[in-house]
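Working notes, beginning with the structure itself.
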Amino acid sequence: MIAAMDLDPLTGFLAASLRVATPLLLAGIGETVTERSGIINLGLEGAMLAGALASAIGASAYGPWAGVASAMAAGALVAAGFAACVVFVRVNQIVAGTAVTLVCIGLTGTIYRRAYGAAGVGLSLPTLTPISVPGLGNLPVVGPVLTQPALTYVAVGLVPLVWWGLYRTRWGLGLRASGEAGPLARAAGVRVRSLRFWATVFGGAMGGLAGATLVLAQVGTFAEKMTAGRGYIAIAIVVLGRWHPGGVALAALLFGAATALQFLFQSLRLTVPYQFFLMLPYLLTLLALAGVVGRVRAPAALAAEE
Amino acid sequence: MMRSGMVVGAAALLVGIGALALGLQLSGYDAGLALAALVRGAVGSWYAISSATLVRAVPLILIGLGIAIAFRANALNIGAEGQFYAGAIAAAWIGLHLGGWHPAAAIPAVWAAAAAAGTLWIVLPVWLKRQFGVLEVISTLLLNFVAESLVSWMVQGPLQEASRIYPQSDPIAETARLPLLPGTRLHLGFLLALAAALIIQYVFRRTVWGFELLATGSGPKAAQVSGRINVNRVATFALLWSGLFAGLAGGIEVGGVSYALFQNLSPGYGFSGIAVALLARLEPLGIVLTGVLFGGLEAGGAAMQRDAGVPSVAVYVVEGVVILVVLLAEAVTRQVRTTVALPDAEADPT
């Protein structure tokens with residue numbers, strides 16, 4: 001919603017970086033918890049889409065915060081369905097995740113068309129207004145950048161919180177043990193299945209929240225397939241961030257900055273076709289993965305049908 | 001095994017259509033009207049079958065066959081959508097310049113260009129995997145987005161049609177277009193897809209490489225230490241072949257259906273093709289069946305949108321539910337079997 005064109009290029013660039021990074025960070029942090037428990041959820045894209053539609057419906061009925069709550073509930077519900085299949089029946093996670101996303105694309109498209117007609121939700125949707133960081137909002141350059149919707153601050157706050165949960169609590173220890181060696185963790189008394197189930201549901205709720213960010217803090221409306229692969233990008237960002245909350249935050253910002261570069265280059269009036277800037281974040285992510293991956297290892301039990 | 005698979009598949013299809021009907025009814029559509037349109041659009045007439053269902057099955061079968069090769073070696077190519085577009089770009093490009101050629105030369109030239117482009121599109125993920133250990137799931141997926149932007153640039157830049165108004169390419173030369181079955185829109189690509197399925201079936205069942213794929217996929221360590229199978233090499237070629245087939249599918253779509261390049265040429269064939277392959281348990285002849293099934297769903301979805309006002313994406317509900325039901329049925333039978341055979345295994349099913 002921040003009109004990058006009105007601001008000076010640097011401010012526009014920084015604000016756009018943060019804007020693109022926010023939903024990816026929310027979904028990525030959730031997926032980090034999921035993957036550390038040993039589950040990879042390709043249904044995250046579906047959870048995000050379901051969250052996006054639920055936030056539009058909830059917000060138009062009871063205001064933006066009801067939209068946020070319904071988005072989290074919808075994302076959690078989608079992930080719970082996925083988790084029931086992969087944790088308790090132990091079906092292939094990649095396949096089940098793909099199927100769940102397909103179902104979500106179909107359902108959201110169908111419900112949306114019925115609820116709003118072909119024209120869309122339009123401008124009537126109440127959205128989240130940006131909030132300034134107290135004391136910093138009036139500074140030049142930094143001020144407009146630090147005037148963000150509340151969900152951005154939620155995303156940033158989640159990073160240390162999830163780090164603390166994963167590395168400084170008994171629960172986090174059990175979760176990480178489940179992700180490395182399920183049967184061993186189980187033998188040590190960890191309730192592996194329950195942990196994996198709830199870790200996946202948490203990831204889905206965060207995916208739903210990411211969807212709500214798109215609708216309520218950025219676009220202001222819902223559209224068919226509007227997540228456009230951001231759920232998958234979030235999964236790539238988890239790998240790039242080495243399954244660590246801090247790394248995931250950095251990776252999300254990197255992707256956001258790479259996407260926002262087009263605003264900088266537009267202001268330079270280069271004659272390079274804009275599509276090349278659209279490709280840039282994906283190519284940079286590939287490049288960064290090549291530099292990062294060799295030195296890290298995925299959770300050992302990730303995606304295992306054990 | 002094949003027969004029980006088909007029973008499960010048929011049951012899954014019924015559940016999937018039931019789920020769609022329920023979803024439509026709950027969200028306020030006329031489910032009866034919509035399902036009637038779905039069935040009519042998929043199998044309601046010879047024209048629907050030949051010119052909608054089978055035409056849409058062609059890219060699904062070709063992509064599915066490639067996916068089967070890769071997934072057998074446990075090389076997870078999720079980038080078929082991007083490879084499809086790479087093939088489509090190459091086909092449109094070369095197809096524009098074949099005016100003076102005989103069809104017997106022009107058509108293979110288009111196919112070769114498309115197959116080469118699809119293969120090239122997966123070379124980078126293959127290299128990143130071998131050189132740096134980057135997961136191909138992520139790298140192939142990321143390149144889908146790059147391919148979409150590339151198509152967008154092509155149809156507004158180097159390949160844009162002569163009047164420079166519409167975001168699409170000029171139509172390819174008549175001689176490069178695939179012959180049609182008279183009275184229908186079914187093109188030669190369907191025969192190619194069937195032939196490819198038969199050949200790959202033979203490769204999987206009767207050749208050393210078919211065995212090496214499975215060995216690499218199911219027990220890479222055992223395969224490696226046996227000293228007879230170069231696991232990296234097998235996985236590399238499996239990925240390259242899957243890219244080749246997806247690219248070929250893109251070229252055949254341009255040569256047989258669209259005759260031009262434009263954005264959204266694929267309604268998600270690259271992803272549905274994965275579902276097609278998995279649903280057939282990576283068996284080539286099964287992929288022909290599931291490809292026709294999903295082709296019918298896509299065709300029926302278009303009819304549903306046209307005749308009943310239901311968005312065509314609604315059929316994804318059926319596709320997703322079918323996959324989930326088959327997965328669950330497989331997992332449950334597997335667990336029942338192991339429990340019966342090995343009572344001790346019940347103790348630790350983590």
Side-chain angles (χ1 to χ4, degrees), chain A residues 40 42 46 81 85 89-92 94-96 98-115 118 178 182-183 185-187 192-193 224-225 228-229 232-233 235-236 239-240 273-279 281-283 285-286 289-294 298 305-306, chain B residues 19-20 23-24 26-29 76 78 124-125 128 131-135 137-139 141-154 156-157 268 271-272 274-275 278 301 309-324 327-328 330-332 334-335 348-350:
Chain A
I40 181 165
L42 289 189
C85 292
V89 196
R90 286 176 286 149
V91 303
N92 182 295
I94 305 282
V95 185
T98 313
V100 164
T101 296
L102 280 178
V103 172
C104 287
I105 293 175
L107 275 184
T108 51
T110 310
I111 296 172
Y112 156 71
R113 179 74 67 94
R114 192 70 201 173
S178 307
R186 190 182 167 87
V192 173
R193 287 185 180 193
E224 196 177 283
K225 296 186 191 170
Y232 297 125
I233 298 303
I235 294 171
V239 179
L240 187 57
Y274 72 93
Q275 289 94 346
F276 287 92
F277 295 115
L278 297 183
M279 295 177 198
Y282 305 102
L283 292 174
T285 305
L286 268 180
L289 279 171
V292 158
V293 182
E305 285 171 78
E306 52 182 29
Chain B
L20 174 65
L24 288 175
L26 286 181
S27 47
Y29 292 93
L76 303 179
I78 313 288
L124 180 65
L128 288 173
Q131 197 71 28
F132 301 102
V134 176
L135 296 174
V137 178
I138 307 289
S139 55
L141 183 76
L142 287 170
L143 282 183
N144 286 341
F145 298 98
V146 178
E148 271 176 32
S149 295
L150 191 64
V151 172
S152 160
W153 174 58
M154 284 284 174
Q156 293 170 59
F271 296 102
S272 299
I274 295 172
L278 291 167
V310 176
S312 59
V313 289
V315 294
Y316 285 137
V317 176
V318 184
E319 295 188 9
V321 170
V322 167
I323 297 168
L324 285 175
L327 274 183
L328 291 172
E330 268 181 7
V332 168
R334 192 179 60 213
Q335 276 159 26
D348 184 29
T350 313

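Here is the naming used below: chain letters follow the sequence lines, and residue numbers restart at 1 for every chain. Given the structure is predicted, the values throughout are model-derived calculations rather than measurements.
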(request) Indicate yes or no: at least one non-hydrogen side-chain atom of A/V91 is less than 4.5 angstrom from one of B/E330. (result) no
(request) For each of B/L26, B/L278, B/V332, tally heavy-atom pairs with chain A at distances under 4.5 Å, and name the one with the top tally. (result) B/L278
(message) Would the distance check show the side chain of A/T101 and the main-chain N or O of A/L42 forming a donor-acceptor pair, the cut-off being under 3.5 Å?
(response) yes
(message) For the interface with chain B, which of A/I111, A/V95, A/L240 has the highest count of heavy-atom pairs at distances below 4.5 Å?
(response) A/V95
(message) Looking at chain A, which one of B/S152, B/A314, B/A331 has the largest number of heavy-atom pairs inside 4.5 Å, strictly under?
(response) B/S152
(message) Counting only non-hydrogen atoms closer than 4.5 Å, does A/F277 touch chain B with its backbone (N, CA, C, O), its side chain (CB onward), both, or neither?
(response) neither
(message) Among B/I138, B/V322, B/V315, which residue has the highest count of heavy-atom pairs closer than 4.5 Å to chain A?
(response) B/I138
(request) Could you tell me which of B/L128, B/I323, B/L328 has the largest number of non-hydrogen atom pairs under 4.5 Å with chain A? (result) B/L328
(request) Counting only heavy atoms closer than 4.5 Å, note whether B/I274 contacts chain A via side chain, backbone, both or neither. (result) neither
(message) Between A/P273, A/A185, A/P281, who has the most heavy-atom pairs with chain B when the cutoff is under 4.5 Å?
(response) A/P273
(request) Name the region of B/L143, side chain, backbone, both or neither, that has any atom closer than 4.5 Å to a heavy atom of chain A. (result) side chain
(message) Is it the case that the side chain of B/Y29 and the backbone of A/T110 share a donor-acceptor pair, with hydrogens and angles ignored and the cut-off at 3.5 Å?
(response) yes
(message) Could you check whether any side-chain heavy atom of A/I233 comes within less than 4.5 Å of a side-chain heavy atom of B/L142, counting everything from C-beta outward?
(response) yes
(request) Check for a donor-acceptor pair, side chain of B/N144 on one end and backbone N or O of B/I78 on the other, with a separation under 3.5 Å. (result) yes
(request) Over 60° means perpendicular and under 30° means parallel, so classify the ring planes of A/Y282 and B/F145, tilted if in between. (result) parallel
(request) Side chain from CB out, backbone as N, CA, C, O: work out which of these in B/Q156 comes under 4.5 Å of a heavy atom of chain A, or both, or neither. (result) side chain
(message) Which atoms of A/A228 are under 4.5 Å from chain B, going by heavy atoms: the side chain, the backbone, both sets, or neither?
(response) backbone
(message) Any heavy-atom pair between the side chains of A/Q275 and B/M154 that's under 4.5 Å?
(response) no
(request) Report yes or no: does A/R186 contribute a side-chain atom to a donor-acceptor pair with the main-chain N or O of A/V192 at less than 3.5 Å? (result) no
(message) Please classify the contact between A/I94 and chain B as side chain, backbone, both or neither, with a heavy-atom cut-off of under 4.5 Å.
(response) side chain
(request) Tell me, for B/L141 versus chain A, whether the close heavy atoms (under 4.5 Å) come from the side chain, the backbone, both or neither. (result) side chain
(message) Would you compute the distance between atom CG of B/L150 and atom CE of A/M279 and round it to the nearest 0.5 angstrom?
(response) 4.5 Å
